[in-house]
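Worksheet: the structure to be examined is printed underneath.
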Amino acid sequence: MAAVRIASPLIFATMGELICERAGVLNLGIEGIMTVGAFAGWVTVWLGGGLWLGVGVALLAGMAMGLLHGLLTVPLGLSQHVTGIGITLLATSLTYYTYRLALPQVTSPPKIEAFRPLEIPVLSDIPLLGPALFAQTPLTYLAFACAGLTAFVLWRTNLGVALRAAGENPAAVEAQGLSVTGLRLGAVVVGSGLMAVGGAFLTMSAFNSFFFEMINGRGWVCIALVVFGGWKPGKALIGALLFAAFDAFQVRLQQVTGGVVPYQVFLMLPYALSILALVVMSRRAAAPRALMVPYRAGER
Amino acid sequence: MRLEPIATPGPLRLVALPLAALALTLVVAAGLVLAAGAAPLPVFGLIVTGAAGSEFAIVETLTRATPLIFTGLAVAVAFRARLWNIGAEAQLYIGAVTAVVLGTGATGLPAPLLVPLVMLAAMLAGGLTLLGPASLKTRFGVDEVVTTLLLNFIVLLFVSLLLEGPLKDPMALGWPRSEKIEAAAALPRLITGKRLHWGFVIALVSAGLVWFVLARTVFGYEMRAVGHNAQAARFAGIRVERVLLKTALLSGGLAGLAGYSEVAGLKGNLTLDLSPGYGYTGIVVAMLALLNPLGVVVSAVFVAGIFVGADAMSRSAGVPSYIAQVIVATALLSMVAALLFTRYRIRWR
């Protein structure tokens, strides 16, 4: 099934955004950070590196961008909206600049030998569910593991409790002798790394090549998915799967109606669905109370 | 480490810090040029001459600045009231669609009536495009950042649909573009034979009007009050939701004018590459101008100059023109950081 594959990059990036926002930092750099990750992973393999090295490079590139976003928004407390958009513009343009330097005159970018599906013995033979869940590329399994790990760390460890408290009541965290700045900065760096891996999935496990504007709003969709999931990893994961199932269905529908309805209508649906989901969920959604509120020690 | 407010920042701070931000931007750009195997100073020279070194270059820069003044104003107005309009791109395209629908002979009106009609309609359409996300915010508390961003993609697909369907130019041989607008709907050129058009004058007048609205009217005061502290504004009897919706109409309308002026003044028709991200660049323009409407004119010309200059440089020096976007993004980030340090100093403890 295509839905699980379509969902994988969204799961990585949604978890990344969720971690940032749980700690109190909105990361609108997501779209650009995914672009960086997509390019970094692809170019590493294209230059002769291994696939996992590519994933590692993408992770590091995303973390570097996250560090910049974090430094500007956490200790300096700059507007998270403006900084995030700035990071997206910077990350995207740096990527395109580097791409043009690496491949000056290429019109169709070269393909790489990407991740192959890894069939899990026995389980992948289960009718219907088997191929959908157990015949995916390793990165898809990693995406699900990442969602599980995010939920575990945020709710079952002291670090997670402190991280969430930094997004709810930073003054209380500081009173415990913990550093709000450190927690938030760490969350933004790690979260941005995950976003970049989500981007890398597209070039290393889906399209096997890098092209301009390939993220195509997926980052913004992930921000909507975090809201849809009520800032909870499990619900956000389900949201990503539902979104991907709808996206796959939309492609199918496009083939069936063939030419009667303009194809653009179907391409609009996922974005429209995201907006609709926001409208439905926003009333009940409980955003972290200190989300987008810069914390300055001693100030109230 | 913590930040300590400075009661009265000295003049040195106010001048030196923005200059330092500019210097940092140049250092980053120089690094990129070196990475491309070229020498930074000659490349910078080529960018400057490409942007302002000849009459042709200056006309080209002002032409490119025109849509950026409109989108910069759109963002400045919205951000003043803390309405995060990241959807100027969508509003621009809806304004352009309106110009094409009304300007390709649907009305039969003479120019003196048609030009203002099309202009006001494009403005209204752009305003209504933002009114949607704004009312979702005021009615249901839906974050407008995400909705305006997502709307950009929906609108671009909608334009693509129109250009392959109802608005398709039958003479375009399958190329997705609209018919040209009629002469009566077009904005004349400022100088015959040059690309600069009356849209530039309209942009300047708009900047003046927006400045007046923000600084000298009750509505402008209310917008700033809502942006400063919505809760306090509400206690003071300001109807915050109404102010936000009115702000949305104004902001979206200004972005709609950007699309209108590109179609009616420059291109004549609508294509999918009418705007190479003018809506997003408008955010940078507005921030560099500190959300000041008159400053928007200056920063729009500056940003346009970098884009035009980089294009010219790229043709002769072979450094990718994407360097312009990197410069603009770096300038944005370093400038907002520099401005912070005009108000705060760091205490290491």
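In what follows, chains are A, B, ... by sequence order, proteins preceding strands, each numbered from 1.
Contact residues of residues 146-158 of chain B toward chain A are B:Val146, B:Thr147, B:Leu149, B:Leu150, B:Leu151, B:Phe153, B:Ile154, B:Leu157, B:Phe158 (heavy-atom distance under 4.5 Å). Residues of residues 74-82 of chain B that come within less than 4.5 angstrom of chain A, heavy atom to heavy atom, are B:Phe79 in numerical order.
Interface residue A:Leu72: only side-chain heavy atoms are found under 4.5 Å from chain B. Looking at A:Leu28, only its side chain comes within 4.5 Å of chain B, counting heavy atoms on both sides. Contact annotation for A:Tyr99: neither backbone nor side-chain heavy atoms come within less than 4.5 Å of a heavy atom of chain B. For a residue to count as touching a neighbouring chain, one of its non-hydrogen atoms must lie under 4.5 Å from one of that chain's; by this rule B:Val145 touches chain A with the side chain only. Residue A:Pro75 touches chain B through both its backbone and its side chain, counting heavy-atom pairs closer than 4.5 Å. Both the backbone and the side chain of B:Ala35 come within contact range of chain A, judged by heavy atoms closer than 4.5 Å. For B:Val284, the part lying near chain A is the side chain, with the backbone staying farther off; criterion is any non-hydrogen pair under 4.5 Å.
Within 6.0 Å of the CD atom in A:Gln176, the count of heavy atoms belonging to other residues, nucleotides or ligands does not exceed 12. Remark: A:Phe249 CZ is loosely packed, at most 12 non-hydrogen atoms of other residues, nucleotides or ligands lying under 6.0 Å away. Heavy atoms from other residues, nucleotides or ligands lying under 6.0 Å from NZ of B:Lys168 number more than 12.
In this structure, CD on B:Gln325 lies 9.0 Å from OG1 on A:Thr92, to the nearest 0.5 angstrom. Between atom CG of residue A:Leu76 and atom CG of residue B:Leu3 there is a gap of 6.0 Å, rounded to the nearest 0.5 Å. Here the straight-line distance linking atom CG of A:Leu278 with atom NZ of B:Lys137 works out to 13.0 Å at 0.5 Å rounding.
When ring centroids are compared, A:Tyr97 and B:Tyr322 stay outside the 6.0 Å threshold.
B:Ala329 and A:Gly86 make their closest contact through CB-O, 4.1 Å (heavy atoms, listed as atom of the first residue, atom of the second, distance). Residues A:Leu94 and B:Val326 come closest through the heavy atom pair N-CG2, 3.8 Å.
You'll find the side chain of B:Val328 stays beyond 4.5 Å of the side chain of A:Leu89, heavy atoms only. A:Ile275 has its side chain within reach of B:Leu136: a pair of non-hydrogen atoms, C-beta onward, lies under 4.5 Å apart. When side chains are defined from C-beta on, A:Tyr263 counts as touching B:Ser160, because their heavy atoms get closer than 4.5 Å. Looking only at side-chain heavy atoms (C-beta outward), B:Ile86 and A:Ile85 come within less than 4.5 Å of each other. Contact check for A:Ser79 versus B:Val336: no side-chain heavy atoms found under the 4.5 Å cut-off. Side-chain contact check for B:Asp143 versus A:Val227: every heavy-atom pair is 4.5 Å or farther apart.
Per-residue heavy-atom pair counts under 4.5 Å with chain A were compared for B:Thr281, B:Leu340, B:Leu332, and the maximum is reached by B:Leu340. Contacts with chain B were tallied for A:Thr88, A:Thr98, A:Asn216, A:Leu269; A:Asn216 has the most, counting heavy-atom pairs under 4.5 Å. Chain A forms more heavy-atom pairs under 4.5 Å with one residue of B:Trp84, B:Tyr280, B:Phe341 than with any other, namely B:Trp84.
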